[in-house]
Undergrad: 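Here it is, the structure, as structure tokens.
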Amino acid sequence: VTPLNLRSLGALPVAIAGTLIPFALLLVVFWVPDDADQGFSQRIFYLHVPVALVSYLFLGLGAWYAVRYLRTRDPIDDLRSYVAIHQGVIFGSYVLLTGPIWAKVSWGQWWDWGDRQLNVFLILFLFYSAYFMLRFSVDAGPRRATLSAGYALLGIGLVPLSFLAVRIAETVIHPTPLIRADGPQIEASMLVTFGLMLAGAAALGFALFSVELRGKLIDERMRRLRRRLRGEAVL
Amino acid sequence: VSGFWRTTWLLARKDLLLEARSRELTLAMGLFALASLVLAQYATGAAAEADRALLASGLVWLVVLFTAMLGLQRSFAAERDEGLFDALLLAPLDRSAIWAGKAVALTALLLLIEIVLVPLTWLFFFEGSTAAAPSLVTLCAALALANLGVAGAGSFVASLASAARQREVLLPVLFLPAVTPLLIAGVAATVGSAQGEPVTQPLLLLLVYDAVVGVLAWGAYDHVITE
């Protein structure tokens, strides 16, 4: 454990996120054109989609660290996996919040069971919420790390499978006549704004990730020091 | 690999032999499935005939998953309670076979339950109904494919849960989200066959699910198993 310094607190991601997100928000409100189909309300796209992508990024990172833990058995990898999944779920809940708002405004209903993205997120949200249940049902240590990693590993398979399943549900169970306006008619200003927001959201994610990881490491260190003060044996 | 299959078969046979002698789990799962189906019948009683047929196509999948969950609750109970798990870990065998053995045994149990469940579903929901019933062949094929996925994913999470506190409470929470794609594909195949739509895609997804979960669990089990 290295001593506290600015770099380890993730000052750079914080600075990037702090600059990019307000700037991109200004662009969202004042610069990008209205969507031909949905008008002003489509601008929630610039929050909803980057946050969703960052959520996927962190869930993927969580699975990657889980695999790494199983190979190295280094407790820090377990902690990284846990914190990454935690951030993934937090960003995922933003997706589940902004999605229905967008759906209500543009389709007139809060939840569309034919919407692909939103329903995959719902399944993943349930799956990874259970991850925390599992994690907190086991005492800290190698056993907890191993079980958590095993469950996180299953998530690697679940993401593409959920995508395929939701796509099938969309066509067979819930035929949706909605035609979505996305694809080639995107303008350069939209792309730039989207890219900036995505970078900002990713930076925010990494900032939160490193702060939480840091906090967890400090907790762990405090616990050891307390135990040592009480004269107990410390590994 | 031949050692893996042999161990899998021996462990599955051990479970099935124990079950054949006590018949506790089979009876409990069968009665549970029957009771759930009766409840489903009353729960959908107010719906129009055509709607009830559609609802039944989904409910039968729900009953299968919940019944499987009941079986999974006891899946590693004997191993954990009687200290068999430690013995298995000490034995020089391919550990993935512990998972595979459980999965094979549960697949057999599920098949047994479904042999009773499917005719009853027909009797309760489709017999004498003017609504289009799903194709029996499609439903059986989908159930057969889903059994593998349910047993594979279920045995994997049951093994994880068995090492945790309050494992009985934990298992459903871990199991249900993991098998959501299976239910979606199964229902799509069942409903699709009733409506005369092609069902290759959902059936293929069931197969892909089995393959993905099988490979993941088989590859990871050795690393995630804990005493």
Side-chain angles (χ1 to χ4, degrees), chain A residues 63 66-73 78 89 113-114 116 119-139 141-175, chain B residues 54 57-58 149 153 156-157 159-167 169-193 195 197-199 201-206 208-217 219-227:
Chain A
V67 174
R68 232 174 75 157
Y69 171 78
L70 291 176
R71 295 175 66 122
T72 61
R73 303 280 163 175
D78 167 57
V89 169
W113 287 102
R116 206 176 298 174
N119 286 296
V120 170
F121 258 97
L122 189 60
I123 299 173
L124 291 182
F125 187 79
L126 289 173
F127 180 81
Y128 283 105
S129 300
Y131 170 89
F132 297 109
M133 289 274 309
L134 175 67
R135 200 174 164 90
F136 295 121
S137 308
V138 189
D139 294 325
R143 174 189 275 201
R144 181 172 85 177
T146 307
L147 293 178
S148 306
Y151 191 68
L153 212 62
L154 203 59
I156 300 177
L158 195 69
V159 175
L161 288 170
S162 304
F163 251 106
L164 292 171
V166 168
R167 232 186 73 183
I168 283 175
E170 189 179 15
T171 52
V172 181
I173 306 179
H174 312 280
Chain B
L54 269 180
S57 305
F156 188 76
V157 294
S159 174
L160 296 179
S162 74
R165 284 191 303 268
Q166 51 168 351
R167 56 190 179 210
V169 188
L170 201 55
L171 181 70
V173 183
L174 298 178
F175 174 69
L176 290 179
V179 292
T180 310
L182 268 184
L183 177 111
I184 295 175
V187 173
T190 316
V191 173
S193 78
Q195 296 175 341
E197 283 167 39
V199 292
Q201 270 194 10
L203 288 181
L204 209 61
L205 177 59
L206 289 173
V208 172
Y209 184 99
D210 296 348
V212 169
V213 166
V215 168
L216 268 179
Y221 196 70
D222 191 18
H223 302 281
V224 303
I225 197 168
T226 51
E227 67 290 331

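Convention: sequence-line order gives letters A, B, ...; per-chain numbering from 1. Atom set for the values below is all heavy atoms of this structure, side chains included, hydrogens, waters and symmetry mates excluded.
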Undergrad: Please flag which part of B:Val157 lies under 4.5 Å from any non-hydrogen atom of chain A: side chain, backbone, both or neither.
TA: side chain

Undergrad: Measure the CG-OG distance between A:Leu147 and B:Ser162 for me, rounded to the nearest 0.5 Å.
TA: 8.0 Å

Undergrad: Indicate the atoms forming the closest heavy-atom contact of A:Leu158 with B:Ala178, along with that distance.
TA: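 Smallest heavy-atom distance, with atoms named: CD1-O, 3.4 Å.
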
Undergrad: Check A:Gly150 against B:Leu160 and note the closest heavy-atom contact, atom names and distance.
TA: C-CD1, 4.1 Å

Undergrad: Any idea which heavy atoms bring B:Tyr209 and A:Leu161 closest together, and the distance?
TA: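 Closest approach of B:Tyr209 to A:Leu161: CD1-CD1, 3.4 Å.
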
Undergrad: Minimum heavy-atom separation for B:Ala188 and A:Ile168, please, with both atom names.
TA: CB-CG2, 3.5 Å

Undergrad: When heavy-atom pairs shorter than 4.5 Å are enumerated against chain A, which of B:Leu183, B:Leu176, B:Leu170 gives the highest number?
TA: B:Leu170

Undergrad: Would you mind checking which part of B:Phe156 comes under 4.5 Å of any heavy atom in chain A, side chain (CB onward), backbone (N, CA, C, O), both or neither?
TA: side chain

Undergrad: Starting at CZ of B:Arg167, measure out to CG of A:Leu134 and round the result to the nearest 0.5 Å.
TA: 13.5 Å

Undergrad: Hey, what do you get for CG (A:Leu122) to OG1 (B:Thr180), rounding to the nearest 0.5 Å?
TA: 8.5 Å

Undergrad: Give the member of B:Val215, B:Val208, B:Val199, B:Leu205 that has the highest number of heavy-atom pairs under 4.5 Å with chain A.
TA: B:Leu205

Undergrad: Can any side-chain N or O of B:Arg165 pair as donor or acceptor with the backbone N or O of A:Phe136 at less than 3.5 Å?
TA: yes

Undergrad: Report the option among A:Ile156, A:Leu70, A:Val67, A:Leu124 that has the most heavy-atom pairs separated by less than 4.5 Å from atoms of chain B.
TA: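 That would be A:Leu70.
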
Undergrad: What closest approach, in Å, do B:His223 and A:Arg73 show between heavy atoms, and which atom pair accounts for it?
TA: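 Looks like O-NH2, 2.7 Å.
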
Undergrad: Any idea which heavy atoms bring A:Arg143 and B:Ala163 closest together, and the distance?
TA: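 In terms of heavy atoms, the two residues are closest at NH1-O, 2.9 Å.
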
Undergrad: First locate atom CG of B:Leu174, then atom OH of A:Tyr131, and finally report the distance between them rounded to the nearest 0.5 Å.
TA: 12.0 Å

